[in-house]
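Order of the sequence lines sets the chain letters (A, B, ...), proteins ahead of strands, with each chain counted from 1. Basis for what follows: all heavy atoms, side chains included, without hydrogens, waters or symmetry-related copies. None of these values were measured; they are calculated from a predicted model.
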2 protein chains.
Amino acid sequence: MKRADNRKLHMVGLRDVRDINQTVFLHLIRERQPISRAEIAKATGLRAGTVSAIVNRLIREKLVYEGVAGPSSGGRPPKYLYVNAESAYVIAIDIGVRDSVYAVSDFNGRLLTQRAMLTKGEPEAFLRSLAGEIKDLIGAQYARTRFKAVGVSIPGLIDRDEGTLVISPNLGWKDIPVRAILEEELGYPVYVENDANAAAFAELWYGPLEEVGVRTLLFVLVVEGLGTGLIINGELHVGSRVGLGGFGHMSLDPNGPLCSCGRRGCWETLASNRATLTRYRAVTGTSIGSVTDLISLAQQGDQAALETLRATAAYLGEGIANLAHGLSPETIVIGGEIAGAWQIIGPLIREKVQSRYILPSRINLNIRPASVQRPSLFGAIPIALQHCFHPAQRFDALKRAVTPRIKLPAKVAGR
Amino acid sequence: MKRADNRKLHMVGLRDVRDINQTVFLHLIRERQPISRAEIAKATGLRAGTVSAIVNRLIREKLVYEGVAGPSSGGRPPKYLYVNAESAYVIAIDIGVRDSVYAVSDFNGRLLTQRAMLTKGEPEAFLRSLAGEIKDLIGAQYARTRFKAVGVSIPGLIDRDEGTLVISPNLGWKDIPVRAILEEELGYPVYVENDANAAAFAELWYGPLEEVGVRTLLFVLVVEGLGTGLIINGELHVGSRVGLGGFGHMSLDPNGPLCSCGRRGCWETLASNRATLTRYRAVTGTSIGSVTDLISLAQQGDQAALETLRATAAYLGEGIANLAHGLSPETIVIGGEIAGAWQIIGPLIREKVQSRYILPSRINLNIRPASVQRPSLFGAIPIALQHCFHPAQRFDALKRAVTPRIKLPAKVAGR
DNA sequence: GAGCTTTATCTGCAAGGATGATAAAGTTCG
DNA sequence: CGAACTTTATCATCCTTGCAGATAAAGCTC
């Protein structure tokens, strides 16, 4: 059925050149605004005339506007360019096990409004009430605003093409047509993504400037469960259409605790918030509400709390060591409440990873806590925004077209 | 030091359009030769005139030639096009722990000559004697041939930029400037790659035609050690410059056997050929030379051998289950001698993976043995050939240029 | 204020693919 | 046999892209 002959190849044309360069410009301007045409020319290597042409096209399309003139550096002063933040707005939704957050972001990816509500009730009813709140917010504050898209991040297995949540053990949801529901309610295109993936995306867009060149990043999101998001070559790794569960169910110990997936010793059963709190309760006999509370206790000198966090850090380190060696990312980011205890867990995680690495000296692995407070929410913004730009998809088409294939001769020469 | 301002952006121009389309054509012709201009037009969606222009350019550059006219399908008969196999030759070298193989391949990626020699002696001396044999072969059979590149696949950690083998525990080599040595001896550009990565590449290029659309593939190479190669989006995942060790040192059991890396229960200590043979010896008290021999024994009804293979299959399945869930590749390929026992190990591996997967029904995961006998050798061919085509690199440049970045506001709104 | 630098624009050019007409070489069928 | 139709490949023309070099605008320096 999947015949080679039926595959449509996507070729490249002048329009692609224009679109790609235009998008590069847009991102460049957004990244370094304010910026002058001359600076763009220097950064891109394009001729000044070409730069003007492209910039003026962007201005004509109202994606960019010309601000005041900047200070002269010994010659004609530059005219500063800015991304027109009002040219596109998106809605970001982060559905968590306890609470869900929705937010409005402008074209610059900046959060304008952010509100939370408890996650409760039947999935569909909850989503509709969430949409209702969003519609209220829009009516009250953004009546004249045109939204381009909605980005949703959810803990669980996502069918990206359909925009449905296939299953989420932690939410207790199954087969929820998230996109269908929200598109019906809101009337904007909805893009659904796994929370850890969104979080990884957030680091890519909002992460520290020193990491501008980073192309490969692993995000470890520690919440009720434990998820991982993987950025490879500056792109979210999504694997096959359905199925990217992340490394939460990587088994680290065949004799470990039983996991909801039926196996033993999954990473999630050892290092998630639930595992951490359970472990604390097992040791002390007292229940505690959240990992944030546990961190407070540890910082106040509670030895049991401290040891519990240290144990979690060790398990995190174990799993990260496996992945660090296997994927060799440039950066590993840990997010979730536990990242608030970085002074405690950071060194332990690093130590674990270093002890496993064969060549710690030559490998430049950066391990750090997340740079935003709720990465899965911040990630939902680029999830929505990226769909305002087509070229990413076009790149994919190009790459697909170039994968070669060699027919093997009937007999293979033995050795 | 890594300032954003210093990053040179790579823009797109007319030349890129031409190069990319030309390369797409070349691959298309190679994949489906013989093919007519009209068929190319249908496959690409380009106009007949455009197709002619590009094809004639390729013919002028001697990369393609026009063969005899094909059979008419009711009108003017097509002129068949073929890739000029003689337009480029490459040398492939696969350095193994026991033996090493070198081969000559034409531009179609077809093996023309293949020879083996034992891997022994000091690394540098061995590489020079290997180069000497290759030079002899060239002198005898390919005196008039122009080679474009040399691809080398080695088990171990590679510094791709330098072309050096950083370390190979299994070979017992360390800090060997493979590229420098071979380029000095042979005079052609040398590209060095990890053996499992090369093997993954081999599946991408030589794999079954049904998998033409496959973009994500995991190769598990079981030799003395155990390595993994990962293809993501049709591209080899190489991670940071130095460091991709693969998942061989993923720990599956904190109480497992001690590994050379200092940890316990690494996948390699459980499922590699060495582990398998050690396990057989531990059970039976008798030593055996190779896994191939072990498979023969099992097929002859030796219960101990059969059980040994089954145990290895279970461990392979364990590791693969971890990775399948975390990376969600479309295809997982297992290579090495043990793949010869696919009837025995295949079902067991599948079972292990299925039992771990939360949703086996909806996930379309293809697990199969390697489609070539020595995948690391076959992989060395595309390693060399791919450098004859620039666009892959250019795509990378494009993507890098488009990665956006948002400056965070000073204060992040709490929730 | 002359000369220089920096910034932005303008005008013509080369090269890519798109388009539609045309030629070439068969098949089909009355 | 030959007119009509198909399939395949080419040609001349057009639009768009980025490129190049000249030119204009606006400030600094001495």
**Message:** I need the CZ-P distance between B:Arg47 and C:dG16, as an integer number of Å.
**Reply:** 19 Å

**Item:** Whole angstrom value for the distance that separates P of D:dT8 from CG of B:Leu46
**Value:** 16 Å

**Prompt:** What's the CG-C1' distance between A:Leu81 and C:dT7, to the nearest Å?
**Reply:** 12 Å

**Request:** Indicate yes or no for a side-chain donor-acceptor contact from A:Glu203 to the backbone of A:Ser371 under 3.5 Å, with no hydrogens or angles considered.
**Result:** yes

**Message:** What is the separation between atom CZ on B:Arg37 and atom P on C:dA24, rounded to the nearest whole Å?
**Reply:** 16 Å

**Request:** Using a 4.0 Å heavy-atom cut-off across all strands, classify B:Ala38 as base, sugar-phosphate, or nothing.
**Result:** sugar-phosphate

Can you give me every donor-acceptor pair (side chain of residues 47-55 of chain B, partner residue at least two apart or in another chain, under 3.5 Å) with its distance?
none

**Asked** Does the side chain of A:Ser52 get closer than 4.0 angstrom to OP1 or OP2 of C:dA8 through an N or O atom?
**Response** no

**Request:** Side-chain contact test, heavy atoms from C-beta onward, threshold under 4.5 Å: evaluate it for A:Thr44 versus A:Phe25 and give yes or no.
**Result:** yes

**Message:** Please find the pair of heavy atoms, one from A:Val64 and one from A:Ile29, that lie closest to each other, and give the distance.
**Reply:** CG2-CD1, 3.9 Å

**Complete:** So side chain to side chain donor-acceptor pair (under 3.5 Å) across residues 62-71 of chain A, not counting sequence neighbours, yields A:Arg37-A:Glu66

**Separation of D:dT8 P from B:Asn56 CG (nearest whole Å)** = 17 Å

**Request:** Take the protein atom CD of A:Glu66 and the nucleotide atom C1' of C:dT9, then report the distance between them rounded to whole Å.
**Result:** 12 Å

**Prompt:** For the side chain of B:Asn21, counting heavy atoms from C-beta on, which of D:dT10, C:dG17, C:dA8 is nearest?
**Reply:** C:dG17

**Asked** Which one of A:Tyr142, A:Phe147, A:Tyr89 satisfies the ring-ring contact (aromatic ring centres under 6.0 Å, His included) criterion with A:Tyr188?
**Response** A:Phe147

**Item:** Rounded distance (Å) that lies between atom C1' of C:dT7 and atom NZ of A:Lys79
**Value:** 9 Å

**Asked** Taking the side chain from A:Glu183 and the backbone from A:Pro189, do they hold a donor-acceptor pair closer than 3.5 Å?
**Response** no

**Message:** Between C1' on D:dT7 and CD on B:Glu39, what's the gap in Å once rounded to a whole number?
**Reply:** 12 Å

**Request:** Check every atom of D:dC19, D:dA9, C:dG16 against the side chain of B:Ala48 and return the nucleotide holding the closest atom.
**Result:** D:dA9

N/O to N/O distances under 3.5 Å, protein versus nucleotides 27-30 of chain D:
unit_1: D:dG27; atom_1: N2; unit_2: A:Gly74; atom_2: O; d: 3.2

